[in-house]
Amino acid sequence: FQEAFEQLTERPRKRTPCLLIQAPEHLIARFDGLCASYETWRGTKFEEDLHRVRIAFKRLRYACEIYSPLYPRRMPAFVRTLKHAQEHLG
């Protein structure tokens with residue numbers, strides 16, 4: 001036991017980010033990605049760019065679903081809005 005404990009305490013431990021700090025950063029990044037994809041598609045109207053918008057919606061929705069326990073009052077309604085928008089995109 002002593003040897004195993006010494007190995008745990010001697011090795012530098014990798015710091016994992018706090019989920020409460022990581023969640024808003026990740027959600028904002030996904031939302032910004034969606035906005036950027038949408039603006040690109042609005043300027044081109046190319047099918048490939050519309051596909052990127054769909055992917056960005058999916059990524060944002062999945063991130064919202066993952067972090068929803070952290071935001072129980074607002075996130076379910078936002079996820080429903082995302083799903084509704086995705087249905088219209090096809």
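In this text the structure is predicted, and so the values were computed from the model without any measurement.
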Visitor: Which residues pass the salt bridge (charged side-chain N to carboxylate O under 4.0 Å, His left out) test with R59, not counting sequence neighbours?
Guide: none
Visitor: Quick check on the hydrophobic clustering: are I55 and W41 connected, directly or via other members, by side-chain heavy-atom contacts under 4.5 Å?
Guide: no
Visitor: Could you list the residues that satisfy salt bridge (charged side-chain N to carboxylate O under 4.0 Å, His left out) with E87, not counting sequence neighbours?
Guide: none
Visitor: Which residues pass the side-chain contact (heavy atoms from CB on, under 4.5 Å) test with E3, sequence neighbours left out?
Guide: Q7
Visitor: If you take all heavy atoms of S37 and V53, which pair is closest and at what distance?
Guide: O-CG2, 3.4 Å
Visitor: Scan for ring-ring contact (aromatic ring centres under 6.0 Å, His included) pairs involving residues 64-89, sequence neighbours excluded, and state none if there are none.
Guide: H26-Y67, H84-H88
Visitor: Any chance you could measure L82, atom CG, to L89, atom CG, to the nearest 0.5 Å?
Guide: 10.5 Å
Visitor: Could you pull out all residues at least two apart from R61 that satisfy side chain to side chain donor-acceptor pair (under 3.5 Å)?
Guide: E65, Q86
Visitor: R80: which residues meet the side-chain contact (heavy atoms from CB on, under 4.5 Å) condition with it, sequence neighbours left out?
Guide: P76, A77
Visitor: Using the side-chain contact (heavy atoms from CB on, under 4.5 Å) criterion, which residues pair with T44? Sequence neighbours excluded.
Guide: F46, D49
Visitor: Within a radius of less than 6.0 Å around CZ of R54, do more than 12 heavy atoms belonging to other residues, nucleotides or ligands occur?
Guide: yes
Visitor: Can you list everything that forms a side chain to side chain donor-acceptor pair (under 3.5 Å) with Q2? Sequence neighbours excluded, please.
Guide: E6
Visitor: Can you tell me how far apart CZ (F57) and CZ (F31) are? Round to the nearest 0.5 Å.
Guide: 8.5 Å
Visitor: Would a 4.5 Å heavy-atom cut-off, applied to side chains only, mark R30 and L27 as touching?
Guide: no
Visitor: Taking only residues two or more places apart in sequence or in another chain, which ones pass side chain to side chain donor-acceptor pair (under 3.5 Å) with S68?
Guide: none
Visitor: From M75 CE over to I66 CD1, what is the distance, rounded to the nearest 0.5 angstrom?
Guide: 11.0 Å
Visitor: What residues form a side-chain contact (heavy atoms from CB on, under 4.5 Å) with D32, not counting sequence neighbours?
Guide: I28
